[in-house]
Number of protein chains: 2
Amino acid sequence: MRPRDEHKEQQIRQKAIEMIVAEGLDGFGVNKLAKAAGVSPATIYIYHKDKEELISSLCVSVAEKMMAFSLRSFSPDMDFAEGLKVQWRNRLEYFMECPLDMEFIEIMRYTHFYEKVTAMLTVSFGQILGVFMRNAEEKQQLVPLPFEVYWAIAYAPLYQLIKFHNQGNSYVNSSFTLDDKLMEQTLGLVLKALKPL
Amino acid sequence: MRPRDEHKEQQIRQKAIEMIVAEGLDGFGVNKLAKAAGVSPATIYIYHKDKEELISSLCVSVAEKMMAFSLRSFSPDMDFAEGLKVQWRNRLEYFMECPLDMEFIEIMRYTHFYEKVTAMLTVSFGQILGVFMRNAEEKQQLVPLPFEVYWAIAYAPLYQLIKFHNQGNSYVNSSFTLDDKLMEQTLGLVLKALKPL
DNA sequence: CAAATATAAGTGAGCGTTCGCTTATTTAAA
DNA sequence: TTTAAATAAGCGAACGCTCACTTATATTTG
């Protein structure tokens, strides 16, 4: 039996993400992908049932990688300020190391493909960070809040900054770059909002 | 000369938005739209050059409507807390009155169609809200910040709550509904982050 | 009738997918 | 050790279908 050339499947996955980031979901096609990956269209169907399953599998694997990354050196028992800082650092670091992945996930976020990702994130992510939040409340390092309000304050600003960075500009500045200093400043304000007193 | 049936164009625009919200950009097609709107495909091309222009025009008109709405009873001279509250109220009200529009814009936000909207928003929106922000800083009702950091803290949390509401759940709760009380609570925290002292 | 709207019935390009076949590798009988 | 059967990877070409868009014709107004 002829063995699989794992390099081929890697090329397929890599090029698919690149294509979707560069041209959007519209610009993405199986034949085009085959050409870009240096592979026959039929080869793609050895690894994937159909286009749908291919894209879904990309979403899930990227999301898993991102999640694993963002939980590095993190524990739900950490003090609130420290734990949130670790979270922000990890997310920023991931975004710096894998900007394509990050853009890819942002594009997929508003498609039906993302439902599977949400389901996964709900169990793995929500549980750990839910515990972190409740712990922090008990230690009186965080004002008591509904989870959604907490999440909206604690993480949405970071993603907005990343969004500005990705599009290279905001509503008033024609060029914008996210760096460590800006992240620290924003995190400082978020902590101010969430800490008691 | 036979006059245009303006009702037809309205139907086309309305159904297009409904289709894109319900089935995403993939599920959207000109022939399908024609059937849904009770119109011949060719009729659509009387009003629109091509599919691209049709979608673009929807984006721009919805975004304009949303912007006008969110600036109601607002002036850049307002005190910071009051002005921000008006902004949040307007956005929430728009979202309650026109949930389809809001979802539509969120879907389009990560496609290439949105570039034209960004360009428009940059001049109309950024200028007014940029002035509001600088005024508030001068009155010492707002800590001095880069515009992007300000925006990320001041508005991103609201949009995150709307996102949770639209998908009907968050990472830990299987059902979530955004209401006035939650908005007030979140806005309170945001103001705490942004006010001096 | 003149002029524009509206339509039903296309048209051809491009899409996802599959078919018939070749190639590379393993297995195991001779 | 040789070698042929077995098997899955891999491929180029094309199929059927859907899509955005057009054409030829009819309809409705001034």
Side-chain angles (χ1 to χ4, degrees), chain A residues 1-61 104 107-108 111-116, chain B residues 1-61 104 107-108 111-116:
Chain A
M1 179 177 92
R2 182 176 177 178
R4 285 193 177 184
D5 182 350
E6 292 300 338
H7 177 67
K8 286 212 162 75
E9 164 69 347
Q10 272 213 310
Q11 271 293 305
I12 291 169
R13 301 182 82 86
Q14 181 60 34
K15 290 290 175 188
I17 290 176
E18 284 173 21
M19 274 181 66
I20 290 176
V21 169
E23 308 175 51
L25 259 180
D26 305 347
F28 174 80
V30 178
N31 291 331
K32 224 188 210 175
L33 170 60
K35 191 155 284 181
V39 149
S40 161
T43 303
I44 293 174
Y45 288 87
I46 294 171
Y47 295 88
H48 300 281
K49 179 176 161 289
D50 54 24
K51 187 189 175 187
E52 173 99 5
E53 188 273 331
L54 162 60
I55 297 177
S56 285
S57 112
L58 288 175
C59 286
V60 170
S61 66
F104 174 74
I107 288 170
M108 303 314 287
T111 69
H112 76 277
F113 295 103
Y114 201 72
E115 285 158 27
K116 285 162 193 170
Chain B
M1 176 178 96
R2 181 177 178 177
R4 284 193 177 182
D5 183 350
E6 292 300 339
H7 177 67
K8 287 211 163 75
E9 164 69 347
Q10 272 214 310
Q11 271 293 305
I12 291 168
R13 301 182 82 87
Q14 181 60 34
K15 290 291 174 188
I17 291 175
E18 285 174 21
M19 275 180 65
I20 290 176
V21 169
E23 309 175 49
L25 260 180
D26 304 348
F28 174 80
V30 177
N31 294 354
K32 227 187 208 174
L33 170 60
K35 192 155 282 180
V39 149
S40 159
T43 303
I44 294 174
Y45 288 89
I46 294 171
Y47 295 87
H48 299 282
K49 180 176 161 289
D50 54 23
K51 187 189 176 186
E52 173 99 5
E53 188 273 332
L54 162 60
I55 297 177
S56 284
S57 112
L58 288 175
C59 287
V60 169
S61 66
F104 174 74
I107 289 169
M108 303 314 289
T111 68
H112 76 278
F113 295 103
Y114 201 72
E115 285 156 27
K116 284 161 193 170

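Each chain gets a letter, A, B and so on, in the order the sequences are listed, and its residues count up from 1. For the numbers below, each heavy atom of this structure counts, side chains included, while hydrogens, waters and symmetry mates do not. Because the structure is a prediction, the values reported are computed rather than measured.
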**Asked** Got a sec, which residues hit side chain to side chain donor-acceptor pair (under 3.5 Å) with Glu52(A), two or more places apart in sequence or on another chain?
**Response** His112(A)

**Prompt:** CD/Gln14(B) to NE2/His7(B) distance, rounded to the nearest 0.5 angstrom?
**Reply:** 10.5 Å

**Asked** Looking at residues at least two apart in the chain, or sitting in another chain, which of them share a side chain to side chain donor-acceptor pair (under 3.5 Å) with Thr111(B)?
**Response** none

**Message:** Reading DNA chain D in the 5' to 3' direction, which nucleotide is the first one with an atom under 4.0 Å from a heavy atom of chain A, and which is the last?
**Reply:** dT7(D) to dG12(D)

Hey, can you pull the donor-acceptor pairs under 3.5 Å for the side chains in residues 20-44 of chain A, sequence neighbours left out?
from: Glu23(A); atom 1: OE1; to: Lys32(A); atom 2: NZ; distance (Å): 3.1
from: Lys32(A); atom 1: NZ; to: Gly27(A); atom 2: O; distance (Å): 2.9
from: Ser40(A); atom 1: OG; to: Ala42(A); atom 2: N; distance (Å): 3.1

**Fill in**
The salt bridge (charged side-chain N to carboxylate O under 4.0 Å, His left out) partners of Glu18(B) (sequence neighbours excluded) come to Lys15(B)

Would you tabulate the pairs of protein nitrogen or oxygen atoms and nucleotide nitrogen or oxygen atoms of nucleotides 19-23 of chain C closer than 3.5 angstrom?
from: dT23(C); atom 1: O2; to: Arg2(A); atom 2: NH1; distance (Å): 3.0

**Message:** Among residues 4-18 of chain B, which ones have heavy-atom contacts with DNA chain D below 4.0 Å?
**Reply:** none

**Fill in**
salt bridge (charged side-chain N to carboxylate O under 4.0 Å, His left out) pairs touching residues 36-48 of chain A, sequence neighbours excluded, are none

**Request:** Decide yes or no on side chain to side chain contact (heavy atoms under 4.5 Å, CB included) for Glu6(A) and Gln10(A), but give the supporting numbers first.
**Result:** CA-CA 6 Å; Glu6(A) 292 300 338; Gln10(A) 272 213 310; 5.7 Å; no

**Complete:** Within residues 44-60 of chain B, those residues having any heavy atom closer than 4.0 Å to DNA chain D are Tyr45(B), Asp50(B), Lys51(B)

**Complete:** For Lys51(B), the salt bridge (charged side-chain N to carboxylate O under 4.0 Å, His left out) test, sequence neighbours excluded, returns none

**Ile55(B)/Met108(B) under side chain to side chain contact (heavy atoms under 4.5 Å, CB included): CA gap, chis, key distance, verdict** = CA-CA 9 Å; Ile55(B) 297 177; Met108(B) 303 314 289; 3.4 Å; yes

**Distance (rounded to the nearest 0.5 Å) between Lys8(B) NZ and Tyr47(B) OH** = 7.0 Å

**Closest non-hydrogen atom pair, Cys59(B) against Phe113(B)** = SG-CB, 4.0 Å

**Prompt:** For DNA chain D, what residues of residues 22-33 of chain B have any heavy atom nearer than 4.0 Å?
**Reply:** Phe28(B), Gly29(B), Val30(B), Asn31(B)

**Prompt:** For Glu53(A), which residues count as a side-chain contact (heavy atoms from CB on, under 4.5 Å) partner, sequence neighbours excluded?
**Reply:** His48(A), Lys49(A), Asp50(A), Ser57(A)

